[in-house]
Amino acid sequence: MTILTVEKITPENVAAACQLAVQPHQKKFVAPVAVSLAEAYTQPEIAWPRVIAADGEPVAFVMGCFNPEADLDFFRCGIWRLNVGACVQGRGYGRFAVETVLDEARRRGEKVATVLWLPGDDGPEQFYLKLGFHPTGQTHHGEVVGRIEL
């Protein structure tokens, strides 16, 4: 049985996290982990980056956002990034990563979480819809805004 864990980014795991890469055809839908970590570094008070490990090996990266002061409501609580390693997709690691952020949101007393995705073939839309996110009808820079009640 695979044991999944959620880990903070540390000097010990940052290089492995940065090596996580999605399928080549998915790269247009999500920034590389290193870019996400640079963004997190510049906004440590709101970014919540984590590595998902399966039996101690990094398999996914997720970055939540918790900014109750954000001007745009869909940036107050939600998922900024999700990268699941190309070789391990379809094993539930993405779902686990999303649930990790949603659990943290609930722990913080949030009632709603959001995610944005670029529409298109091979994009993450069906994944997020299956998890219970619903399009709000809003878009931001061409991305669909999805929302889930917690």
Side-chain angles (χ1 to χ4, degrees), residues 4-53 58-86 88-89 92-150:
L4 297 178
T5 56
V6 181
E7 302 175 6
K8 291 181 178 181
I9 303 298
T10 66
E12 292 76 32
N13 68 15
V14 68
C18 288
Q19 293 301 311
L20 287 168
V22 298
Q23 297 280 348
H25 65 276
Q26 297 169 328
K27 289 182 179 182
K28 65 184 175 187
F29 295 103
V30 64
V33 173
V35 171
S36 296
L37 289 175
E39 290 173 351
Y41 178 80
T42 64
Q43 302 172 80
E45 67 284 349
I46 62 174
W48 196 79
R50 297 294 188 269
V51 168
I52 305 303
V59 293
F61 169 83
V62 67
M63 187 161 71
C65 169
F66 300 102
N67 183 6
E69 309 298 318
D71 292 336
L72 299 172
D73 63 339
F74 48 83
F75 284 137
R76 293 184 186 146
C77 171
I79 297 165
W80 263 356
R81 297 281 160 62
L82 175 62
N83 305 63
V84 178
V88 295
Q89 292 182 4
Y93 302 147
R95 173 183 288 276
F96 181 83
V98 168
E99 286 299 328
T100 296
V101 175
L102 300 182
D103 288 346
E104 178 64 15
R106 288 182 193 98
R107 188 189 72 72
R108 293 172 183 239
E110 299 292 341
K111 303 296 182 213
V112 173
T114 59
V115 65
L116 281 72
W117 65 79
L118 279 172
D121 295 338
D122 297 322
E125 182 171 42
Q126 290 306 310
F127 169 77
Y128 288 120
L129 295 177
K130 285 179 186 175
L131 292 179
F133 286 89
H134 301 283
T136 64
Q138 297 171 289
T139 59
H140 183 71
H141 298 294
E143 294 183 297
V144 174
V145 179
R147 171 186 168 114
I148 191 169
E149 303 290 325
L150 300 176

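For this chain, numbers begin at 1 and follow the sequence in order. Note that this is a predicted model, so its numbers are computed, not measured.
Distance check, rounded to the nearest 0.5 Å: CG of Asp103 to CZ of Phe96 gives 8.5 Å. Within the model, atoms CD of Glu149 and CZ of Phe133 stand 11.0 Å from one another, a figure rounded to the nearest 0.5 Å. Summarising the geometry, atom CD1 belonging to Ile79 is positioned 10.0 Å from atom CH2 belonging to Trp48; distances are rounded to the nearest 0.5 Å. For the atom pair SG of Cys18 and CG of Asn13, the computed distance is 9.5 Å after rounding to the nearest 0.5 Å.
In terms of heavy atoms, Pro124 sits closest to Leu118 at CD-O, 4.1 Å. Minimum heavy-atom separation, Cys65 to Phe75: SG-O, 3.3 Å. When all heavy atoms are compared, the tightest approach of Ala70 to Arg76 is O-NE, 2.9 Å. Taking every heavy atom of both residues into account, Ile52 and Ala97 meet most closely at CG1-CB, 3.8 Å. When all heavy atoms of Glu110 and Cys77 are compared, the pair lying nearest together is CG-SG, 3.6 Å. Taking all atoms of both residues into account, the shortest heavy-atom contact from Met63 to Ala47 is SD-CB, 4.0 Å.
Checked against Gln138 for a side-chain contact (heavy atoms from CB on, under 4.5 Å), the options Asp73, Val144, Leu72 give a single hit: Asp73.
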Quiz prompt | Evaluation steps, side chain to side chain contact (heavy atoms under 4.5 Å, CB included), between Glu7 and Arg50 | solution = CA-CA 6 Å; Glu7 302 175 6; Arg50 297 294 188 269; over 6 Å; no
Quiz item: Which is it for Leu82 and Trp117 under the side chain to side chain contact (heavy atoms under 4.5 Å, CB included) test, yes or no, and what are the steps along the way?
Solution: CA-CA 10 Å; Leu82 175 62; Trp117 65 79; over 6 Å; no
Exercise. Evaluate side chain to side chain contact (heavy atoms under 4.5 Å, CB included) for Phe61 paired with Val30, printing each intermediate quantity in order.
Key: CA-CA 11 Å; Phe61 169 83; Val30 64; over 6 Å; no
Exercise. Could you walk me through whether Glu143 and Phe74 pass the side chain to side chain contact (heavy atoms under 4.5 Å, CB included) test, one step at a time?
Key: CA-CA 12 Å; Glu143 294 183 297; Phe74 48 83; over 6 Å; no
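Without hydrogens or angle criteria, Thr136 side chain to Val145 main chain gives a donor-acceptor distance under 3.5 Å. Side chain of Asn83 to backbone of Ala31: a donor-acceptor contact under 3.5 angstrom is found. With hydrogens and angles disregarded, no donor-acceptor distance shorter than 3.5 Å links the side chain of Thr114 to the backbone of Ile148. Although no hydrogens or angles enter the test, the distance criterion places no donor-acceptor pair under 3.5 Å between the side chain of Gln26 and the main chain of Asp122.
Counting only heavy atoms from C-beta outward, the side chains of Tyr128 and Val98 approach each other to under 4.5 Å. With contacts defined as side-chain heavy-atom distances shorter than 4.5 Å, the pair Val51/Ile9 qualifies. Counting heavy atoms from C-beta on, the side chains of Phe127 and Gln89 never come closer than 4.5 Å. Put simply, the side chain of Leu102 reaches to within 4.5 Å of the side chain of Glu99, judged on heavy atoms.
Taking a 6.0 Å sphere around CZ of Arg106, one finds it holds more than 12 heavy atoms contributed by other residues, nucleotides or ligands. More than 12 heavy atoms of other residues, nucleotides or ligands shown are found within 6.0 angstrom of NE2 on His25.
Of the charged side-chain nitrogens involved, at least one lies within less than 4.0 Å of a carboxylate oxygen, so that Arg81 and Glu39 count as a salt-bridged pair. Salt-bridge annotation for Arg108 and Glu104: present, with a side-chain N of the basic residue lying under 4.0 Å from a carboxylate O of the acidic one.
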